[in-house]
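Report on the structure given below.
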Amino acid sequence: MNRFFGFLKKEFYHIFRDKRSMLILFGMPIVQIMLFGYVINTDLKDVKMAVLDHSKDEYTAEMINKITSSGYFQLIDNLESIDEADAVFRKGDVKLILVFEPDFGKKLIKDSKGSIQILTDASDPNMANLEVSYLQGILQNYNIEINKEKQMGTAIQAKSRMYFNSNLESVFMFVPGIMATILMLVSAMMTSISIAREKELGTMEILLVSPLNPLQIILGKVTPYLALSFINALVIVGMGYFVFGVPVLGSFVLLMAESILFIFLALSIGIFISTVAKSQQVAMMLSMFVLMLPTIILSGFIFPIRNMPLPLQVISNIIPPKWFIVILKNIMLKGVGFEYVWKETLILLAMTMGFIGLSLKKFKIRLQ
Amino acid sequence: MDMNSDVKVIKVKNLCKKFGDFTANDNLSFEVSKGEIFGFLGANGAGKTTAIKILCGLSYPSSGEISVAGFDVYKQREQLKRNIGYMSQKFSLYEDLTVFENIRFYGGIYGLSKEVIHSKADDLLKKLDLQHARNKRISSLPLGWKQKLAFSVAIFHDPEIVFLDEPTGGVDPVTRRQFWDLIYEASRQGITIFVTTHYMDEAEYCDRVSIMVDGKIEALDTPAKLKEDFNAEDMDQVFLALARKAINIE
């Protein structure tokens, strides 16, 4: 046991003395959460917009006033015709155009119904989506206001159309995705690099020649990353909750238990990679391309799986983070218990066993 | 060099190691006495590394009777490993740890107690004149020091035998000479030295030398006797005479 603690101590020295490791371990989760958090949660400010007002009456004037005084939007252009829209968007400043139909005010009073069209530059889909919802929010408020004040049963209908990207997906929830990415990065990539480093430096030979058995060596290598990954999981959930208000509706204990399972899986993948990779460089490349890219692209973190072509949807099933993200979303956002995530849990467990088995097999062949 | 005691610490009888159709070690038999400096020579691919791995308990032989430090390589690996030291060309110290941290780590994995580690480390640093560097990182030390330290760490737990796999690779002649002084000293203390090298002048420093060609031991004797047998001026010529027969040189 003493030997084992000596080993752990050495591992922590390696980690704490390496600036790169420290940066990945502690800088990365925070930076990622901040980045993704603000990409999605940014309060809009001074979005440049244009108005095409075919009606020019007191209602449209009042609405424009409401919108520009909200602080979210800034009116920089008045258009004369819809034909200008495309050119204005292409110029790039204007992100959103508000179109009032002819006789908007009159129709509003007469038919209790006025139509507005919102055109957005969706070359940046997330922003476009945000802008539309903010604008709709303002219009909604106005709608309620005039209903109250003027005792009218009016309804303003806003119809939006996304320019440059008409099939916009709903905003993704980023905390589960970041959690999967970071745990994968820390557990799998860092362990595989750290084991590969011992091989590269020749210290692995010394360890193998020593009375330590291979299991002790591997446990010594992975335990620090298990601990640090767990801390990362806490930090991510904590930051999501306190900074961005991402809820944990389900059981926190269950959430952490599932996270530990996923960390074990990632560690076993890291060990497997290190049995294949002879150098740190190879371990890093393998982790990057075999783990990180699929984690980010195919796990449903950023791109919804149901929108992928069928072959990719099938492939996504073998991407471990996909299942973890499902579990996280279920527990955190839907607040369900174990009875709703046991299938995914079993899949993760089976994958962990699989990778440990593969690693053992590779290791035995090498020693024969 | 006291060879009278003549305790055999390495006994190898008919060692064979096959990888599929390839025979890496073909029926090796030799013995090494306590305190002896045994040179294990051969071209790359001759099967040296395979044999060393077996002797260190890292891989099993296909057949043969082998005991190292009195322990059987099949059944008593754990004890065997406790009683040997190992150092390779790569020096095997952790560059990001200090001198003392390295000593403590290696002492620790061989199960030495904290007190023993501290007192032995003090003695060692004094002997190597490295007290001032005790808390310096290995990365800041010159190559020669690293190498001496690596050797001292390899025998820190007082093993019966230390295996040195090309320990002087890439080191200048002066440092090499100093390194051999350490080897002699260890040998005088009764530690058996099992060393591979590419430098034929170093082969002359050994008590006995074996030369492997294509998985077989083609010659085994004292350097003086070998030179006589091959009618050679130095070990280089002996080695070349044997290596010419090889088919497996990489």
Side-chain angles (χ1 to χ4, degrees), chain A residues 1-25 190 193-221 223-224 275 278-280 360-368, chain B residues 17-20 49-50 52-62 68 77-98 101-114 117 137-139 150 153-154 156-157 159 161-163 165-166 169:
Chain A
M1 218 46 208
N2 231 341
R3 276 191 229 168
F4 187 65
F5 281 122
F7 202 110
L8 285 187
K9 207 172 185 178
K10 164 200 145 254
E11 287 305 317
F12 277 111
Y13 282 146
H14 287 324
I15 296 166
F16 291 142
R17 286 179 187 173
D18 182 28
K19 286 196 191 99
R20 248 188 338 181
S21 300
M22 289 299 279
L23 209 65
I24 293 180
L25 275 173
M190 302 276 280
I193 290 178
S194 127
I195 295 176
R197 185 168 73 160
E198 300 253 10
K199 283 198 211 171
E200 202 177 316
L201 296 179
T203 46
M204 188 52 101
E205 281 175 72
I206 309 290
L207 296 179
L208 287 171
V209 173
S210 83
L212 289 174
N213 65 46
L215 188 68
Q216 285 174 312
I217 298 174
I218 295 297
L219 280 180
K221 295 298 294 180
T223 308
T275 61
K278 283 205 172 63
S279 70
Q280 298 180 75
L360 280 179
K361 209 172 151 201
K362 283 238 42 144
F363 194 72
K364 284 223 175 91
I365 289 173
R366 209 154 50 83
L367 289 184
Q368 26 181 332
Chain B
K17 176 72 177 184
K18 290 185 175 139
F19 297 101
T49 310
T50 309
I52 289 186
K53 276 192 174 163
I54 292 169
L55 294 178
C56 290
L58 284 187
S59 81
Y60 287 115
S62 306
V68 175
R77 285 185 152 192
E78 181 79 25
Q79 292 103 309
L80 188 161
K81 285 178 165 185
R82 268 178 211 285
N83 286 285
I84 61 169
Y86 177 86
M87 174 189 167
S88 75
Q89 188 177 9
K90 291 173 177 166
F91 302 160
S92 347
L93 296 171
Y94 293 100
E95 299 266 322
D96 54 343
L97 301 188
T98 67
E101 282 162 357
N102 268 287
I103 296 175
R104 186 176 58 193
F105 172 69
Y106 282 116
I109 60 177
Y110 280 93
L112 302 186
S113 74
K114 216 171 155 185
I117 291 174
R137 303 241 176 121
I138 296 294
S139 52
V153 166
F156 192 74
H157 57 290
I161 304 156
V162 61
F163 291 89
D165 195 0
E166 291 175 21

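First the proteins, then the strands, lettered A, B, ... as listed; each starts at 1. Values below: all heavy atoms of this structure, side chains included; hydrogens, waters and symmetry mates excluded.
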Taking side chain to side chain contact (heavy atoms under 4.5 Å, CB included) as the definition, give me every residue that meets it alongside Glu101(B), ordered by chain and number, with sequence neighbours left out.
Tyr13(A), Arg17(A), Leu97(B), Thr98(B), Arg104(B)

With sequence neighbours excluded, tell me which residues meet ring pair (Phe, Tyr, Trp, His ring centres under 6.0 Å) with Phe7(A).
Phe105(B)

Of Arg82(B), Glu95(B), Lys114(B), the largest count of non-hydrogen pairs under 4.5 angstrom with chain A goes to Arg82(B)

Looking just at side-chain N and O atoms, do Thr203(A) and Glu198(A) make a donor-acceptor pair shorter than 3.5 Å?
yes

Any carboxylate oxygen within less than 4.0 angstrom of a Lys/Arg side-chain nitrogen, looking at Arg197(A) and Asp96(B)?
yes

Leading residue by heavy atom contact count with chain A [cutoff under 4.5 Å; candidates Phe163(B), Tyr94(B), Tyr110(B), Tyr106(B)]
Tyr94(B)

So what's closer than 4.5 Å to chain A heavy atoms on Leu80(B): side chain, backbone, both or neither?
neither

